[in-house]
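Everything on this sheet refers to the single structure shown next.
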Amino acid sequence: MKRSIAILSGDGIGPEVMDQTIRIIKKIEEKFGHQFHLQYGDVGGVAYDKFEKHLPEMTHQICEYSDAILFGSVGGPLTESHLKKWQDCEKNSILVLRKKFQFSTNMRPIKVFRELNAISPLKESIVGANGIDFIILRELLGDVYTGEHKTYIENNLRTATDLSLYNEKQIKILAHHSFKVAQKRKSKVTSVDKANALDTSKLWRTIMNEVSNQYPDVFLEHMLVDNCAYQFMINPSQFDVIVTANLFGDILSDAAAGLTGSLGLIPSASFNEQGFALYEPSGGSAPNIAGKNIANPIAQILSFVLLLKHSFELYEEAILIEKAIHQTLKNGFRTQDICFSDNNYVSSSKFTDIILSFI
Ligand code: NAD
């Protein structure tokens, strides 16, 4: 297969974990006879240093002419947030890409690796019994983020409003996506809303029910967002596919990420209606560990695994990488973030060496 991938490494640990992922990409190319044309684009602070822009035109073009985007992370340390280089860095890069390509659905698989049950903040009795393995689908273009924002004085009081807005078309996209994903898993969709208080949620629930008629093989349940947060802590194994609006998804997906024990383990994907997608780790640029060769490359490598599955439909290759990561963990290798003892971890590049040896 011949395909092109836009590689946007970005800042902090972005280039480090991307370098490790590129080693995996090359190995897969070699083993299966594929040709992945990697097109490198600058993004974030590193792009600002060169072009005084967080997302230069050249990078736009590289993304446009690629079959998929593999993104690292952008942003700088809190102590440097006053510098122009870092101001609005995420907003000017990742949010612009989201809007430009109309990425309407974000997918975040939440999986606690069997070998890493012990690093989950939940008790072994909760994680261990049935494991934690679910997917959160979050709407990305609507809700309070894109509605009108206003700050004003009313009755002599500083006042602010943020408009939350959804139309049925936006909800239908997510609904169809969730049922299709569930069909390939355990055929269960949990739609999360706040229908006891919000009109946008009532509409969300109505549309989910309507669309579910087209997927009689998938079980649909509704759950209030507050209950969902609670269920994450007491019975996370019950979930298969969770689908929810932008704001709830933003909060729930980070809470769910916490269940796994490290942000370094979780990939994500953002799709538009045509199926074009951007793949990236769930965490940020982690300036606190950048430049030390200790970042966990799993989230970035699994982002490539998602790319193989969803953009290229190369399942055998994807599953081989997943198995190699399991083998690496099973053999006791750990990066610092998932290691119990202070000095019993390997570097990011050594960890990737071991994964490569199992591919
Ligand atoms: P962060 O996700 O970068 O880091 C939070 C914690 O998780 C840190 O302790 C970090 O060391 C750890 N961590 C994250 N990824 C890891 C990995 N692969 N291996 C090991 N540990 C890992 O969040 P933050 O510190 O709040 O933000 C740092 C910068 O990243 C900020 O500038 C922020 O704006 C930016 N950010 C960017 C994105 C993105 O590019 N999509 C997302 C979130 C935050």
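Counting starts at 1 for both ligands and their atoms, following the listed order.
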How about [atom]: does it have a protein heavy atom within less than 4.0 Å?
atom	result
atom 19 (N) of ligand 1	yes
atom 27 (O) of ligand 1	no
atom 24 (P) of ligand 1	no

Mind checking whether [X] contacts ligand 1 via backbone (N, CA, C, O), side chain (CB onward), both or neither, at a 4.0 Å heavy-atom cut-off?
X	value
N296	both
Q336	neither
E90	side chain
V17	neither
P287	side chain

Heavy-atom pair with the smallest gap, counting every atom of [X] and [Y]:
X	Y	answer
I7	I22	CG2-CD1, 4.2 Å
L165	Q170	O-OE1, 4.1 Å
Y215	V211	CD1-O, 3.4 Å

Looking only at protein heavy atoms, which one is nearest to [atom], and how far off is it?
atom	value
atom 17 (C) of ligand 1	G264 CA, 3.5 Å
atom 44 (C) of ligand 1	G284 CA, 3.5 Å
atom 32 (O) of ligand 1	G76 O, 2.9 Å
atom 15 (N) of ligand 1	I13 CD1, 3.8 Å

Note: [X]-[Y] ion pair, threshold 4.0 Å (strictly below):
X	Y	value
E64	K100	yes
D353	R23	yes
K111	E322	no

Can you name the atoms of ligand 1, numbered from 1 with element, that are less than 4.0 Å from a heavy atom of [X]?
X	result
N288	8 (C), 9 (O), 10 (C), 11 (O)
G283	2 (O), 42 (C)
S73	40 (O)
E280	41 (N)

Next on the checklist: Test your reading of the structure: does S282 have an N or O sitting under 3.5 Å from an N or O of ligand 1?
Outcome noted: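 In this structure, S282 places no N or O atom under 3.5 Å from an N or O of ligand 1.
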Checklist entry - Any N or O on S262 sitting closer than 3.5 Å to an N or O of ligand 1? => result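 No, no N or O pair falls under 3.5 Å.
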Next on the checklist: Show, in sequence, the C-alpha distance, side-chain angles and deciding distance for S282 and R108, and conclude whether the side chain to side chain donor-acceptor pair (under 3.5 Å) test is met.
Outcome noted: CA-CA 8 Å; S282 296; R108 192 180 285 199; 3.3 Å; yes
Checklist entry - Given S348 and Q20, is the side chain to side chain donor-acceptor pair (under 3.5 Å) satisfied, shown in steps? => result CA-CA 8 Å; S348 196; Q20 302 312 318; 4.9 Å; no
Item to check | Check: E30 side chain, K27 main-chain N or O, donor-acceptor pair, under 3.5 Å | outcome: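 Here the side-chain-to-backbone pair does not exist.
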Next on the checklist: Parallel, tilted or perpendicular: which one describes the rings of H34 and F32, with boundaries at 30° and 60°?
Outcome noted: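 The arrangement is parallel - the two ring planes meet at less than 30°.
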Checklist entry - For the residue pair F103 and F276, does the interplanar ring angle fall in the parallel (under 30°), tilted (30 to 60°) or perpendicular (over 60°) class? => result parallel
Considering [options], which one's heavy-atom position lies nearest to [atom]?
atom	options	answer
atom 5 (C) of ligand 1	L265, I289, L263	L263
atom 3 (O) of ligand 1	A257, A286, A290	A286
atom 30 (O) of ligand 1	G75, S285, A299	S285
atom 40 (O) of ligand 1	D254, T335, V74	V74

Checklist outcome for this item: Given the options I171, L198, D193, L203 meets side chain to side chain contact (heavy atoms under 4.5 Å, CB included) only with I171
Checklist entry - Nearest 0.5 Å, what's the CZ-CD distance between F101 and Q274? => result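 If I round to the nearest 0.5 Å, the distance is 11.0 Å.
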